[in-house]
Structure formats: structure tokens, C-alpha cells
Amino acid sequence: MSSLAGISEELAEIDGQISDIFRALSNGFQKLEKIKDTNRQSRQLEELTGKMRECKRLIKEFDREVKDSEIRNGPDTNKMLNEKKQSMIKELNSYVALKKQYAGNLENKRMDLFDGPADDVGEENVLLASSMTNQQLIDNGHQMMDETDQVIERSKKVVQDTINVGTETAGALKAQTEQMSRIVNELDSIHFSIKKASKLVKEIVATDRCIMALLFLIVVGVIAIIIVKLVNPNNKDIRDIPGLAPPALTRKLLWQPN
């Protein structure tokens, strides 16, 4: 971080923030290993996912700063900054893979909760069937087949409706995901532009102060020259100021009355 501070304060600040997030991710995953409750594990994963999103945004901002300073930096410095960026991306990807692994394990645990022991075949139906005649058994069989056909038709309809809803939901989620990605990119660009504008305003204010100081010195010099000319008009070492008439000399009349 100290080497980055010599290149750019913005890069050093972003690098410090990313390092803090990486430390928080490391501690968070270590804490996740000790949590046994699935709900707490889910909340911890959501918190870690939020930190990874923030880290991704900071890496993008770091990349923008690197590209913006490529002209000012030398080839060795640019190479070092690109290697630093690649190292950040690699470390973030390792945490993303670890998050996917924990998420898969958590999903498997939730599916296991719905699995239960198979029910035994009811003996009551067997006892009832033994007391029926052949015709009753045939009629009952036809009735059960009709009911089964109706259940199958209803199941097909439910499956088709589920597929349609899933297709519509997937399309809506894809559109919302793309919209969110565009919004995040626009927010990152706005944040970067605001930082650049703030830096430019500071430079403009500093330049305006220098111009005002120079104008003040010029005005003071002009006033000093005017004062000297008024006090000592015969001083030839000071040139007349353009636009300022010299003091009027005492004129003698050609004719004087007696």
C-alpha cells in the first residue's frame, strides 16, 4: 500500500478498502464453518455475498484509476498495477468459488429435511378387497383407473402451468438482472465522475487563487506608480502610464494686463 501511495492516493485508498474486505471475507468463512444452524448459515452467506459485491465494485474502480493514470506512469509501474489488479481478481474468485461450495452444501441439507421414511402399504384396503365379490372388484378397479386417469390429467395440467410460470419468471428475472447490472455500472460511473469533478474543482480553485494574487500585485504596482507620478511629476525614470494624462504644467499668458 505504501508503494501505491507514491503513485496515487486514490489507488492506495482503494487498495486499503479491498484489503479490509478480503480480511472480513476470510474471517467470515472461518466463522461459517463453526455455524451449525442452516438459517444462520444462510444469513452469513448473504452477508458475505454483499461484501463480495462491494469488493467487485472497488476492483472496477481500481481498474479505472489504473487506466486513467497509464499515461503518467512508466511501463514498470503499469505492469505492477496490472499484476496487482489480477491478484485482486484471483483472490475474489477464490472466495466466490468457496461461497458456491457452501451454498451447494446448504441446499443439500435443506433437501434432506424433506426426505422421510416411506409409508407401508395400508392393510385396510387388503382386508376390504378380500370381502368383495369378483364383480365388485372389477367395478372398483375400473373406478380406481378412472380416478387415476383424472389425477394424471390434473397433474399434467399443473406441470404445464408450472412450466409456463417458470418460463415467464425466468424471463422476468433475466430482464431484472440485466437492468440491475446496468444500474450498478451507471452508479459506478457516476461515482467515478463525481470524484474526478471534485478533484478538478480543487485544481480550478487553486488556479483562481493564483490569478487573483497576480492581479492584486499588478493593481498595487499601478497604484504605486500613480502615487509616485503625482508626488514627483518631473521624475523621468518612471514612464507615463498609457491613458493617464500627465499633470498640467503652469502656463504663461502671452499678454499680461497692466
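Residues meeting the ring pair (Phe, Tyr, Trp, His ring centres under 6.0 Å) test with Tyr102, sequence neighbours left out: Phe29.
No side-chain heavy atom of Ile21 sits under 4.5 Å from any side-chain heavy atom of Gln17. Counting heavy atoms from C-beta outward, Ile194 and His191 have side chains that stay 4.5 Å or more apart. Side-chain contact between Glu47 and Arg43 is absent, with no heavy atoms from C-beta onward closer than 4.5 Å. The closest side-chain heavy-atom distance from Lys196 to Leu200 is not below 4.5 Å. The shortest side-chain heavy-atom distance between Val66 and Lys84 does not fall under the 4.5 Å cut-off. Under the 4.5 Å side-chain criterion, counting only non-hydrogen atoms from C-beta, Leu48 is not in contact with Lys99.
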task = Might you work through the side chain to side chain contact (heavy atoms under 4.5 Å, CB included) test for Lys60 and Asn185, ending with a clear yes or no?
result = CA-CA 9 Å; Lys60 286 183 178 180; Asn185 292 332; 3.1 Å; yes
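Counted within 6.0 Å of CD on Glu147, heavy atoms from surrounding residues, nucleotides or ligands total more than 12; the atom is thus considered enclosed. Heavy-atom contacts from other residues, nucleotides or ligands closer than 6.0 Å to NZ of Lys51 number 12 or fewer. Heavy atoms of other residues, nucleotides or ligands lying less than 6.0 angstrom from CG of Leu214 number more than 12.
With values rounded to the nearest 0.5 angstrom, Ile59 atom CD1 is found 6.5 Å from Met88 atom CE. The CG atom of Leu92 lies 13.5 Å from the NZ atom of Lys90; values are rounded to the nearest 0.5 Å. Within the model, atoms OG1 of Thr177 and CZ of Arg182 stand 10.5 Å from one another, a figure rounded to the nearest 0.5 Å. In this structure, the separation between CG on Asn105 and NZ on Lys100 is 14.5 Å, given to the nearest 0.5 Å. With rounding to the nearest 0.5 angstrom, the OG atom of Ser181 is 10.0 Å from the CD atom of Gln179. Between the OG1 atom of Thr169 and the CG atom of Asn164 there is a distance of 10.5 Å, given to the nearest 0.5 Å.
Pairing each heavy atom of Ile14 with each of Leu58, the nearest pair is CG2-O, 3.5 Å. Summarising the geometry of Ile18 relative to Cys55, their closest heavy-atom pair is CG2-SG, 4.0 Å, with the distance given to 0.1 Å. The minimum heavy-atom distance between Asp37 and Arg40, with the atom names listed, is OD2-N, 3.1 Å. Between Asn78 and Glu70, the shortest heavy-atom contact is ND2-O, 3.3 Å.
The main-chain N or O of Glu91 is found under 3.5 Å from a side-chain atom of Ser94 such that the two form a donor-acceptor pair. Listed for the Asp15 side chain is no donor-acceptor partner under 3.5 Å among the backbone atoms of Leu11. Judged by distance alone, the side chain of Thr167 and the main-chain N or O of Ile163 form a donor-acceptor pair under 3.5 Å.
Under a 4.0 Å N-O distance rule, the pair Glu54/Arg57 qualifies as a salt bridge. Taking a cutoff of 4.0 Å between a charged side-chain nitrogen and a carboxylate oxygen, Lys67 and Asp63 qualify as a salt bridge.
If you chain together hydrophobic residues whose side chains sit under 4.5 Å apart, Phe192 and Phe62 never meet in one group.
Among Glu9, Glu10, Glu61, the one residue that satisfies the salt bridge (Lys or Arg N to Asp or Glu O under 4.0 Å) test with Lys195 is Glu61.
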